[in-house]
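Have a look at the structure below before the remarks.
Numbers for residues simply follow the sequence, beginning at 1. Remember, predicted model here, so these are calculated numbers, not experimental data. Atoms within each ligand, like the ligands themselves, are counted from 1 in listed order.
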Amino acid sequence: MCGIVGYVGQRSAVDVVMGGLRRLEYRGYDSGGVAVVGEGGLSSAKKAGKLANLDALLAEQPLPDAGTGIGHTRWATHGGPTDRNAHPHLDDTGRVAIVHNGIIENFADLRDGIERSGRELESETDSEVVAFLVQERLAAGDDLAEAVRIVCRRLEGAFTLVICDAQNPGVVVGARRNSPLVVGRGEGENFLGSDVAAFIEHTRDAIELGQDQVVVITADDIVVTDFDGAPAETTEYTVDWDLSAAQKDGYEWYMLKEIAEQPKAVADTLLGRHDADGLLQLDEMRLSDDELRGVDKIVAIACGTSYYAALVAKYAIEHWTRIPVEVELASEFRYRDPILDQSTLVVTISQSGETMDTLMAIRYARQQRARVLSICNTNGSTIPRESDAVIYTHAGPEVAVASTKAFLAQIVACYLLGLYLAQVKGAKFGDEIARIIDDLDRTPAAIQRMLDDADVVRKISAELAGATSFIFLGRHVGYPVALEGALKLKELAYLHAEGFAAGELKHGPIAVIEEGVPVFVVVPPPGRGEVHDKVVSNIQEVRARGARTIVLAQDGDDSVVPYADHLIRLPEVPTLLQPLVATVPLQIFACEYAAQLGHDVDQPRNLAKSVTVE
Ligand code: AGP
């Protein structure tokens, strides 16, 4: 997901824009650039690689002082991460500079038209065509806002565009369709950003832009219209976290900070959801109790870690409500001709609220008349805006690409939804719900215990140094935990790591077990009887074939001791809540192991924090 910054005001546009881009680095990128417009016209600089490369270029060839500027950090889609493909892109007359996030699906036709008119584009990107098209409209006499609106009506696909004009200092124009753009309202200055981190140190007064809207910012004014020029409705809000919340607070990695924030993320997500009698109230619900009583099927849709949260939720929601829950990968969902109708509740789960696969699944589901409820961690993002209802997780900004605190908060939010449905449908008595809520209220302390025991995991990480292939096993809600543990290690250590349902071992995967292969096993609480005993047998099976077993088992469960090369103790919690504690050591392990390998834990290679392309 690209980072975008726009600025108009009295300060140095280069400084404001570069500062904003630095705060957006976490989104993952492979080039950066900045353009400014002053009395002397338009100047720009761009460079492949990290922002340090752009800083070096600017030190060598400083841009003129100006109060109008735009900037970009690019995560390559069309065209490799090169200087030429970096943004901003200018038209061949040098009048217009644009930065873009998203994919312009009809760019090839637009490019052909520009080249047939005898003009030459220099990059391989889809974005560059926009600079040429806007310049054509300006040359035809349109002002910058109208020129952008006309061009936006010709574009297909997903785009956030921020544009400036050499002949128009003091104005920056932004536009969005299917991709995020927020406005920051300052005093005598205004900002644009792909998210609020771009301008949070200057102002927390934000305006979220809706679909197909164009915004014009000057130092003193913000005007929003639709693509046809009609005034548009906007939503003003105050950002509820400050920049320090998005800083590392002394941790080596954002990921470590966010792992440590999990007790608070869970507690904050639970906060204010139930009254003194334990009855649930989900005020962002926006779906009536009658509508919820009519739900006869739930389809949970997400990607990556959020998909694993949905897998965990399935066990609890079906158990509490007896409503069938299908769990779908967003990128597969709409291509399998799914069966949906107005009695289907689609629940999407997304930390960023901008994942394109998930957003497109929402659009498809709504076309099929299903109701959509989103569980999201990012206020003002696109997915909640396009859903019928939302339950926000309150995990705070999650900066590290590898999702951690959002995952636990998502599970909690899913459980709140399941309990709310059980309450509305009368599938559970009030006292039963209150008891489960009490158990949930105790999980922050249980999670904190796992954080306090982190050295046990760090020691295991050091002892496993050199291993290059890892297996993760679990049953029941421990199975999605095994999948998540494998994903964390894969995305951070760039090594083979695979999760299996422990019962699946004998159907093939056990063939990969050989001397020394590390196998993590999440053991259900002993109270689970048969399921627990079967997992203990699975540990014996892999150990008999030479595996090195790292066993996660509840305090006092000594049945596993003879088969555990390494033992990670879990606090006693109800089975359905075990993912909230068992996941933590797997997160810590992945972070430690990757750091041991010298990797950038917060910005793993090839990955971005939010995947806003399909
Ligand atoms: C998780 O560690 C990954 N970064 C990735 O799988 C992520 O969970 C996925 O892309 C979904 O993102 P979202 O929750 O923002 O929609």
Side-chain angles (χ1 to χ4, degrees), residues 1 26-28 75 158 178-180 194-195 197 253-256 258-259 262 265 269 300-313 327-333 346-362 372 374-387 390-393 395-414 472 480-481 483-494 497 499 583-584 586-591 594 599-614:
M1 182 176 188
Y26 71 84
R27 300 157 74 104
W75 185 57
N178 293 336
S179 178
S194 35
D195 79 36
W253 306 105
Y254 281 113
M255 185 179 175
L256 282 177
E258 289 153 10
I259 288 171
Q262 293 185 115
T269 301
I301 304 173
C303 304
T305 288
S306 300
Y307 171 74
Y308 299 146
L311 286 176
V312 171
V327 183
E328 296 275 352
L329 285 171
S331 55
E332 288 292 313
F333 169 68
V346 165
V347 177
T348 68
I349 304 174
S350 176
Q351 187 287 131
S352 63
E354 299 298 348
T355 299
M356 190 54 72
D357 286 326
T358 308
L359 179 59
M360 299 314 277
I362 287 174
V372 176
S374 291
I375 290 171
C376 185
N377 193 48
T378 309
N379 188 310
S381 60
T382 305
I383 285 177
R385 200 165 42 245
E386 300 210 9
S387 302
V390 62
I391 297 177
Y392 281 110
T393 50
E398 186 175 75
V399 178
V401 166
S403 186
T404 51
K405 61 179 181 173
F407 177 64
L408 267 55
Q410 288 166 349
I411 292 172
V412 168
C414 289
F472 292 75
V481 172
L483 295 173
E484 169 61 6
L487 175 63
K488 287 278 107 34
L489 189 59
K490 242 192 292 261
E491 61 180 335
L492 294 173
Y494 317 150
T583 305
V584 178
L586 303 183
Q587 296 166 340
I588 295 169
F589 178 81
C591 185
H599 293 168
D600 180 338
V601 168
D602 288 332
Q603 296 179 41
R605 71 182 182 193
N606 305 342
L607 295 178
K609 183 57 187 169
S610 175
V611 182
T612 57
V613 292
E614 278 193 293

- Any side-chain donor-acceptor pair under 3.5 Å between Glu354 and Thr382? yes

- Task: Identify the protein heavy atom lying closest to atom 3 (C) of ligand 1, giving its residue, its atom name and the separation to 0.1 Å.
- Result: Glu491 OE1, 3.5 Å

- Query: Under 4.5 Å between any side-chain heavy atoms of Cys591 and Trp253, yes or no?
  - Reply: yes

- Message: Counting only nitrogen or oxygen atoms and a 3.5 angstrom limit, does Val401 reach ligand 1?
- Response: yes

- Note on the structure: When distances are taken from atom 1 (C) of ligand 1, the protein heavy atom at minimum range is Thr305 OG1, 3.0 Å

- Query: Taking the side chain as C-beta and beyond, is there a heavy-atom pair between Tyr307 and Leu311 under 4.5 Å?
  - Reply: yes

- Query: Checking side chain to side chain contact (heavy atoms under 4.5 Å, CB included) against Phe472, which of Leu586, Leu487, Leu483 comes through?
  - Reply: Leu586

- Does the side chain of Gln351 come under 3.5 Å of the side chain of Ser306 through a donor N or O and an acceptor N or O? no

- Task: List the closest protein heavy-atom neighbour of atom 9 (C) of ligand 1: residue, atom name, distance to the nearest 0.1 Å.
- Result: Cys303 O, 3.8 Å

- Query: What residue and heavy atom of the protein are closest to atom 10 (O) of ligand 1, and at what distance?
  - Reply: Val611 CG2, 4.3 Å

- Message: Between Ile349 and Cys414, does the side-chain contact (heavy atoms from CB on, under 4.5 Å) criterion hold? Intermediate values first, please.
- Response: CA-CA 9 Å; Ile349 304 174; Cys414 289; 3.5 Å; yes

- At a non-hydrogen distance cut-off of under 4.0 Å, which region of Glu354 contacts ligand 1 (side chain, backbone, both, or neither)? neither

- Would one find an N or O of Thr358, backbone or side chain, under 3.5 Å from an N or O of ligand 1? no

- Query: Is the closest heavy-atom distance from Ser610 to ligand 1 below 4.0 Å?
  - Reply: no

- Thr355, portion touching ligand 1 at heavy-atom distance under 4.0 Å: side chain

